[in-house]
**Student:** 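Sharing a structure here in structure tokens format.
Here is the naming used below: chain letters follow the sequence lines, and residue numbers restart at 1 for every chain. Below, all heavy atoms of this structure are taken into account, side chains as well, without hydrogens, waters or symmetry copies.
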There are 2 protein chains.
Amino acid sequence: MKYDQSDLKSLGLKATAPRLRILALFQKAALTEKRHLTADEVFSQLREEGEDVGLATVYRVLTQFEVAGLLRRHHFDTESASYELGEPEHHDHLVCLQCGKIEEFVDVDIERRQQEIASRFGFTLDHHTLCLYGICKECREKNAAK
Amino acid sequence: MKYDQSDLKSLGLKATAPRLRILALFQKAALTEKRHLTADEVFSQLREEGEDVGLATVYRVLTQFEVAGLLRRHHFDTESASYELGEPEHHDHLVCLQCGKIEEFVDVDIERRQQEIASRFGFTLDHHTLCLYGICKECREKNAAK
DNA sequence: TTCTTTGCAAAGCTTTTGCATCTCG
DNA sequence: CGAGATGCAAAAGCTTTGCAAAGAA
């Protein structure tokens, strides 16, 4: 899936340089290991590219994109929020506590159980956050080598 | 389970007034619907009790208690962290988006699946956070009545 | 006494907001 | 041209830290 100017326009957002740059950043990131970016990471990367954007604009654009459904926001255990390109399919996360690597997964069993639990408590489920924290294989091997 | 002065001492923490007050607050809260308190809520409640503590002390004590395993910290979707009396048994949460009510649950199936998923990705699982968000029955009825 | 703890004030971070200026359409 | 977007600076939370005074053991 590739987003461009027309997608912004159809969302009622003008196709400005900051917005296009930020969208491009996330599309590039989606192809790498590091799909998740914080506001400050976006800001820094834009600055490195020589782009003259303000941090406030980054925050505003990220929020707009999230509302528009283009990006998804996460909090994980950290202080600052991170965003990833919002694909239609929901997924949960597995984070390495040592290197920060993030894997994504979906498990239909867990999804189903969640629905059952919500019903049992009389809740209508809106959404959920599930994040597993551990140490990845590479980090374990690195640790063992020392 | 009831904590007191001796528990603080065995943790290497002196039994001071602020610490005992805060511990008592959480023990009282554990008996109610509202087991989860933010630093500011703790601070306000202490102030209401006429206790002259500083907010910084509240933060320091909460952190010490968390490290000691007396309290457990959560972030949920909000900006500020909340704490609850840390029972030995792990549990996950179900939060009402409208009234803020928090239910707790444990599901062995989900726990097991999480282990399996972590293994599949080569991770050694350390911990996880699972939080379901929805609307509780009471709120739905309240909404329907309007 | 001695080491810990506290309260206050100040500082740190992340995020938001006010406002004059600029720009897309 | 005109509504919307931007950058900067200031402000607004939440949380941490420095430090002198107070307190526990």
**Student:** Looking at Lys34(B) and Glu41(B), does any basic side-chain N land under 4.0 Å from a carboxylate oxygen?
**Tutor:**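 Salt bridge present between Lys34(B) and Glu41(B).
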**Student:** Taking CG from Leu20(A) and C1' from dA5(D), how many angstroms apart are they, rounded to a whole number?
**Tutor:**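 Value for this atom pair: 13 Å.
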**Student:** Tell me what Leu13(B) touches on the nucleic acid: a base, only sugar-phosphate, or nothing, going by heavy atoms under 4.0 Å.
**Tutor:**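 Leu13(B): backbone/sugar contact only, no base atoms under 4.0 Å.
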**Student:** Should the pair Arg112(B)-Glu116(B) be classified as a salt bridge under the 4.0 Å nitrogen-to-oxygen rule?
**Tutor:**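 A salt bridge links Arg112(B) with Glu116(B).
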**Student:** When you compare the side chains of Asp77(B) and His127(A), does any donor N or O come within less than 3.5 Å of an acceptor on the partner?
**Tutor:**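 On atom types as modelled, these side chains qualify, holding a pair under 3.5 Å.
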**Student:** Might you confirm whether atom CZ of Arg113(A) has over 12 heavy atoms from other residues, nucleotides or ligands at distances under 6.0 Å?
**Tutor:**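 Yes, CZ of Arg113(A) has more than 12 neighbouring heavy atoms, counting only those of other groups under 6.0 Å.
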**Student:** Could you tell me the separation between the CD atom of Gln64(B) and the C1' atom of dT16(D), rounded to a whole number of Å?
**Tutor:**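 In whole Å, dT16(D) C1' lies 13 Å from Gln64(B) CD.
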**Student:** Students often get this wrong, so: under 4.0 angstrom with heavy atoms, is Ala81(B) touching a base, only sugar-phosphate, or nothing?
**Tutor:**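 Since only primed, P, OP1 and OP2 atoms lie under 4.0 Å of Ala81(B), the category is sugar-phosphate.
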**Student:** Would His93(B) and Glu103(B) count as having a side-chain donor-acceptor pair, cut-off 3.5 Å?
**Tutor:**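 Distance-only check fails for His93(B) and Glu103(B).
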**Student:** Calculate the interatomic distance between Phe43(B) atom CZ and dC14(D) atom P; express it in whole Å.
**Tutor:**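 Taking CZ of Phe43(B) and P of dC14(D), I get 13 Å after rounding.
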**Student:** Return the nearest nucleotide to the side chain of Ala56(B); candidates are dT17(D), dT15(C), dG7(C).
**Tutor:**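 The nucleotide sitting nearest to the side chain is dT17(D).
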**Student:** Is the shortest side-chain heavy-atom distance between Gln64(B) and Arg19(B) below 4.5 Å?
**Tutor:**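 In contact.
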**Student:** Would you kindly give the CD1-to-P distance between Ile22(A) and dT6(D), to the nearest whole Å?
**Tutor:**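 Taking CD1 of Ile22(A) and P of dT6(D), I get 8 Å after rounding.
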**Student:** What's the closest nucleotide to the Asp52(B) side chain, out of dC8(C), dA25(D), dT6(C)?
**Tutor:**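 Looking only at heavy atoms from C-beta outward on Asp52(B), the closest nucleotide is dC8(C).
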**Student:** When you measure from the side chain of Val61(A), which nucleotide among dT4(C), dG4(D), dT6(D) comes out closest?
**Tutor:**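 Given the options dT4(C), dG4(D), dT6(D), the side chain of Val61(A) is closest to dT6(D).
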**Student:** What is the distance from CG of Leu55(A) to P of dT16(C), rounded to the nearest Å?
**Tutor:**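 Computing the Leu55(A):CG to dT16(C):P distance gives 10 Å.
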**Student:** Measure from CD on Glu79(B) to C1' on dT16(C) and round the result to the nearest Å.
**Tutor:**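 After rounding, the gap between these two atoms is 11 Å.
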**Student:** Of the listed nucleotides (dT6(C), dG25(C), dT14(C)), which one gets closest to any side-chain atom of Ser80(A)?
**Tutor:**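 Of the options given, the side chain of Ser80(A) lies nearest dT14(C).
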**Student:** Touch check for Arg47(B), heavy atoms < 4.0 angstrom, all strands: base, sugar-phosphate only, or nothing?
**Tutor:**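 It contacts sugar-phosphate atoms only.
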**Student:** Rounding to a whole Å, what distance do you find between Glu51(B):CD and dT5(C):P?
**Tutor:**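 From Glu51(B) CD to dT5(C) P: 17 Å.
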**Student:** Between Lys14(B) and Thr63(B), who's closer to the 5' end of DNA chain D by nearest nucleotide?
**Tutor:**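 By nearest-heavy-atom nucleotide position, the 5'-most residue is Thr63(B).
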**Student:** Starting the side chain at C-beta, find the nucleotide from dG4(D), dT4(C), dG7(D) nearest to Arg19(B).
**Tutor:**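 Given the options dG4(D), dT4(C), dG7(D), the side chain of Arg19(B) is closest to dT4(C).
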**Student:** With a 4.0 Å cutoff (strictly under), does any side-chain N or O of Thr16(B) reach OP1 or OP2 of dG23(D)?
**Tutor:**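 No, because none of the side-chain N or O atoms of Thr16(B) sits under 4.0 Å from OP1 or OP2 of dG23(D).
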**Student:** Do Arg60(B) and dG7(C) share a donor-acceptor pair, side chain to base, under 3.5 Å?
**Tutor:**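 When only heavy-atom distances are counted, Arg60(B) does reach the base of dG7(C) through a donor-acceptor pair under 3.5 Å.
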**Student:** Check the distance between dG4(D)'s P and Leu11(A)'s CG and give it to me in whole angstrom.
**Tutor:**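 These atoms are roughly 15 Å apart.
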**Student:** Determine: side-chain N/O of Tyr59(A) to OP1/OP2 of dT16(C), distance under 4.0 Å, yes or no.
**Tutor:**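 For dT16(C), neither OP1 nor OP2 has a side-chain N or O of Tyr59(A) closer than 4.0 Å.
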**Student:** When we call it a touch if two heavy atoms are under 4.0 Å apart, what does Ala15(B) touch: a base, just sugar-phosphate, or nothing?
**Tutor:**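 Sugar-phosphate only.
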